[in-house]
Student: 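Have a look at this one.
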Amino acid sequence: MALHVMEEANRCLGCKNPRCREGCPIHTNIPEVIRLLKAGKLNDAGWMLFENNPLTTVCSLVCNHEKQCEGHCIRGIKDVPVHFSVIENYISTTYANQMVKGPQPSNGRRVAIIGAGPAGLTIAIILARYGYGVTIFDSKDKIGGVMRYGIPDFRLPDAVLDDIAYRHLELKGIQFRPNTTIGGSITIDDLFRDGYQSVFVGAGLWKPRSLHIKGESLGHVAFAINYLACPEAFRLGERVIVIGSGNSAMDCARTAIRQGARYVTVFNRRDKIAASQYESSYAKLEGVNFEMMKIPVEILEDSVVFADSEFDENGKIRAIPGSEKRYPCTGVIVAVSQELGSSIVSSTKDIGTQSSGLVIADEDGRTSRPGVFAAGDAAHGARTVVEAVANGKRVAETMHAYMQSLPMPEKSAYAEVPLADRVESSVLTEQVLGIEK
């Protein structure tokens, strides 16, 4: 492994104006990282990666490298680009074992992060570096959001996210409150009441987008986000149809094969696959078939009816009348994106939303309510992990500046009372109220 990594590192030209860095949404200093590795300074290279991108171990595995760093590599014009993804993964996973430093001294301020996805984790880690007391709230039982529950383990092992939970959260003193939905028993107003000086809204897109066709409620149909969260719970048989062609559709198709399906076909309403070439090529290699220019009309117990599609004079897709045809299947996965289904905003005053339900926020994450910030999927719709990290970095600095402009929070009057006095007071209260032990 190390030999292969060094071979790739030695192919880097060390460009003075690195196109690879410009192609990276978070502008990773790729030539410098590679230079440090070649100089035998692996820990320095690892420190640089994590300082720039707290989720570097994740991004090394799931980024769309062919359109970002590697897609901009000058070697790729006439040759094969330098595979920085391999280099980044080796450095970050090796250096991660050296990350044992504890939390920064407290600055006396508290911040709440709603959602343990890539944007929320990035902001939590950066603010913890400044000494903020950070609490992450998530409706799931573990951190990661869509990274854990929407990306298959064969692409992103849970162990990578578990390591982030340990290295970045537990060691840094970041608190994680699982299985907690903000907008129900606890609201954003409650968070401000309890001393959080700012709140970040980063709830993921957990509500599947439907096709709105007949048969979508049948028992052999699954939505992609639900299927990927727990594929073992579904029994879709050996002939599966996947409707949609994005990266999630590829993940569903490849997962279905691993769950025992023998025939998996992806149906797409357009003539081009939306997923990256990297992901679609893996799907094809594993035996997934593709049907292009097909629009779903109705889902039946044993098949799906599709109509051929065409582009009209305005470039929009439409079904060709009379072209309907049944395609047999034992199971169907609908993979046509997700939307925000959280009650966070609806339970809170003065936060503007778009017609789609997404939170209205500027490029620095400010919403219409002071102290409330939003980014990631909750504000911009489905984005890649690295885009969420880039967005999160910018919002974290905005939140830091905002909180530094506020007076220090007042401490609870009870915090100044000695513990023994509080115990005595508690006993007295029990006696007055007639509480029996």
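This is a predicted model, so every value here is computed, not measured.
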Student: The criterion is side-chain hydrogen bond (donor to acceptor under 3.5 Å, both in side chains); which residues satisfy it with R254, sequence neighbours excluded?
Tutor: E279, E286

Student: What heavy-atom pair brings R129 and P54 nearest, and what distance separates the two atoms?
Tutor: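 That would be NH2-CG, 4.1 Å.
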
Student: Distance alone, cut at 3.5 Å: any donor-acceptor contact between the side chains of H83 and S85?
Tutor: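 S85 and H83 do not have a side-chain donor-acceptor pair below 3.5 Å.
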
Student: Under the side-chain contact (heavy atoms from CB on, under 4.5 Å) rule, what do C20 and F84 come out as? Steps first, then yes or no, please.
Tutor: CA-CA 9 Å; C20 55; F84 181 67; over 6 Å; no

Student: Is any side-chain heavy atom of V395 less than 4.5 Å from a side-chain heavy atom of F200?
Tutor: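 V395 vs F200: side chains touch.
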
Student: Look at atom CZ of R258 and say whether more than 12 heavy atoms of other residues, nucleotides or ligands are closer to it than 6.0 Å.
Tutor: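 More than 12 heavy atoms, drawn from other residues, nucleotides or ligands, come within 6.0 Å of this atom.
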
Student: Please tell me if the side chains of I143 and I164 come closer than 4.5 Å, counting only heavy atoms from C-beta onward.
Tutor: yes

Student: Using 0.5 Å steps for rounding, measure from the CZ atom of F306 to the CD1 atom of I299.
Tutor: 8.0 Å

Student: Looking at F311, I want to see if its CZ is surrounded by more than 12 non-hydrogen atoms of other residues, nucleotides or ligands under 6.0 Å.
Tutor: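 Yes, the 6.0 Å shell around CZ holds more than 12 heavy atoms from other groups.
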
Student: Is the backbone of D190 close enough, under 3.5 Å, to the side chain of T187 for a donor and an acceptor to pair up by distance?
Tutor: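 Checking the backbone N and O of D190 against the side chain of T187, a donor-acceptor pair under 3.5 Å is found.
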
Student: Could you please spell out the steps behind the side-chain contact (heavy atoms from CB on, under 4.5 Å) verdict for M399 and M403?
Tutor: CA-CA 6 Å; M399 294 176 70; M403 286 184 283; 4.3 Å; yes

Student: Are D163 and R167 close enough for a salt bridge, meaning some N to O gap below 4.0 Å?
Tutor: yes

Student: Any side-chain heavy-atom pair from I360 and S368 closer than 4.5 angstrom?
Tutor: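 They are not in side-chain contact.
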
Student: Evaluate R110 against D194 for salt bridge (charged side-chain N to carboxylate O under 4.0 Å, His left out), listing each step before the verdict.
Tutor: CA-CA 9 Å; R110 187 181 299 157; D194 292 344; over 6 Å; no

Student: Going by the rule salt bridge (Lys or Arg N to Asp or Glu O under 4.0 Å), which residues pair with D308 if we only count those two or more places apart in sequence or in a different chain?
Tutor: K294

Student: Between F137 and F176, does the ring centroid distance fall short of 6.0 Å?
Tutor: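 That pair fails the under 6.0 Å test.
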
Student: Taking only residues two or more places apart in sequence, or in another chain, which ones meet D362 in a salt bridge (Lys or Arg N to Asp or Glu O under 4.0 Å)?
Tutor: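 Applying salt bridge (Lys or Arg N to Asp or Glu O under 4.0 Å) to D362 gives R366.
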
Student: I'd like to know if the side chain of D302 reaches the main chain of P328, judged simply by a donor and an acceptor atom lying under 3.5 Å from each other, with no hydrogens or angles considered.
Tutor: no

Student: Using side chain to side chain contact (heavy atoms under 4.5 Å, CB included) as the criterion, point out the one residue from E232, R235, E238 that pairs with Q259.
Tutor: E232

Student: For I123 and G392, which heavy atoms make the closest approach, and how far apart are they?
Tutor: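 The answer is CG1-O, 3.3 Å.
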
Student: Taking atom types as modelled and ignoring hydrogens, do the side chains of H400 and Y132 form a donor-acceptor contact shorter than 3.5 angstrom?
Tutor: yes

Student: Testing V160, L121, V62 for side chain to side chain contact (heavy atoms under 4.5 Å, CB included) with M147, which one passes?
Tutor: L121

Student: Which is it for K316 and D312 under the salt bridge (charged side-chain N to carboxylate O under 4.0 Å, His left out) test, yes or no, and what are the steps along the way?
Tutor: CA-CA 5 Å; K316 295 183 178 181; D312 63 17; over 6 Å; no

Student: Less than 4.5 Å apart, any side-chain heavy atom of N53 and any of L49?
Tutor: no

Student: Rounded to the nearest 0.5 Å, what's the gap from CZ on R269 to CE on M293? Could you check?
Tutor: 9.5 Å

Student: Any side-chain heavy atom of L218 sitting closer than 4.5 Å to one from V332?
Tutor: no

Student: Would you say the ring centers of H168 and F50 fall short of 6.0 Å from each other?
Tutor: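 Yes - the distance between ring centres of H168 and F50 falls below the 6.0 Å cut-off.
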
Student: Drop me the distance from E387's CD to C59's SG, to the nearest 0.5 angstrom.
Tutor: 10.5 Å

Student: Just by modelled atom types, is the K101 backbone N or O under 3.5 Å from a matching donor or acceptor in the K172 side chain?
Tutor: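 Answer holds: yes.
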
Student: Under the side chain to side chain donor-acceptor pair (under 3.5 Å) rule, what pairs show up with a residue in residues 15-30, not counting sequence neighbours?
Tutor: T28-N52

Student: Which value, rounded to the nearest 0.5 Å, describes the distance between E8 atom CD and E70 atom CD?
Tutor: 8.0 Å

Student: Could you tell me whether R318 and E310 make a salt bridge, using a distance below 4.0 angstrom between a side-chain N and a carboxylate O?
Tutor: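 Here R318 pairs with E310 in a salt bridge, since their nearest N and O are under 4.0 Å apart.
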
Student: So, does E216 use its side chain to make a donor-acceptor pair with the main chain of L211 at under 3.5 Å?
Tutor: yes

Student: For this output row, return yes or no: ring centroids of Y282 and Y278 closer than 6.0 angstrom.
Tutor: yes

Student: If you look at every heavy atom in S245 and I273, which pair is closest and at what distance?
Tutor: O-CG2, 3.3 Å

Student: Check whether T367 reaches the backbone of V372 with its side chain - one donor and one acceptor, N or O, closer than 3.5 Å.
Tutor: yes

Student: Nearest heavy-atom pair of I333 and C252: which atoms, and what distance?
Tutor: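 Heavy atoms of I333 and C252 come nearest at CG2-SG, 3.7 Å.
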
Student: Hey, mind stepping through I174 and I136 against side-chain contact (heavy atoms from CB on, under 4.5 Å) and telling me if it holds?
Tutor: CA-CA 8 Å; I174 297 174; I136 301 175; 3.8 Å; yes

Student: For a quick test of reading the model, state the closest non-hydrogen atom pair linking P81 to C73 and the distance between them.
Tutor: CB-CB, 3.7 Å

Student: Flag the pair L171 / P103 as yes when at least one side-chain heavy-atom distance between them is below 4.5 Å, and no otherwise.
Tutor: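 Side chain of L171 against side chain of P103, heavy atoms only: no contact under 4.5 Å found.
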
Student: Sorted by first residue and then second, give each ring-ring contact (aromatic ring centres under 6.0 Å, His included) pair with at least one member in residues 230-264; sequence neighbours left out.
Tutor: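 Sorted pair list: Y227-F234.
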
Student: Take a 6.0 Å sphere around CD of E324 and say whether it holds more than 12 heavy atoms from other residues, nucleotides or ligands.
Tutor: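 Correct, the count exceeds 12.
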
Student: Roughly how far apart are Y149 OH and D158 CG, rounded to 0.5 Å?
Tutor: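 Rounded to the nearest 0.5 Å, the OH-CG separation comes out at 8.0 Å.
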
Student: Measuring from atom CD1 of I113 to atom CD1 of I182, what distance do you get when rounded to the nearest 0.5 angstrom?
Tutor: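 The CD1 atom of I182 is 11.5 Å from CD1 of I113, to the nearest 0.5 Å.
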
Student: Determine whether the aromatic ring centres of residues F267 and F290 are separated by less than 6.0 angstrom.
Tutor: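 No.
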
Student: Is there a side-chain contact between R270 and I317 in this structure, where contact means two heavy atoms from C-beta onward sitting under 4.5 Å apart?
Tutor: yes

Student: Give the minimum heavy-atom separation between L42 and I91, together with the two atoms involved.
Tutor: O-CG2, 4.0 Å

Student: My understanding is that only one of D153, D141, D138, D162 makes a salt bridge (Lys or Arg N to Asp or Glu O under 4.0 Å) with R148; could you say which?
Tutor: D162

Student: The criterion is salt bridge (Lys or Arg N to Asp or Glu O under 4.0 Å); which residues satisfy it with D251, sequence neighbours excluded?
Tutor: R155

Student: Is the closest side-chain heavy-atom distance between M48 and L36 below 4.5 Å?
Tutor: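 Heavy-atom side-chain distance check passes, below 4.5 Å.
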
Student: Taking everything shown except K142 itself, do over 12 heavy atoms lie less than 6.0 Å from its NZ?
Tutor: no

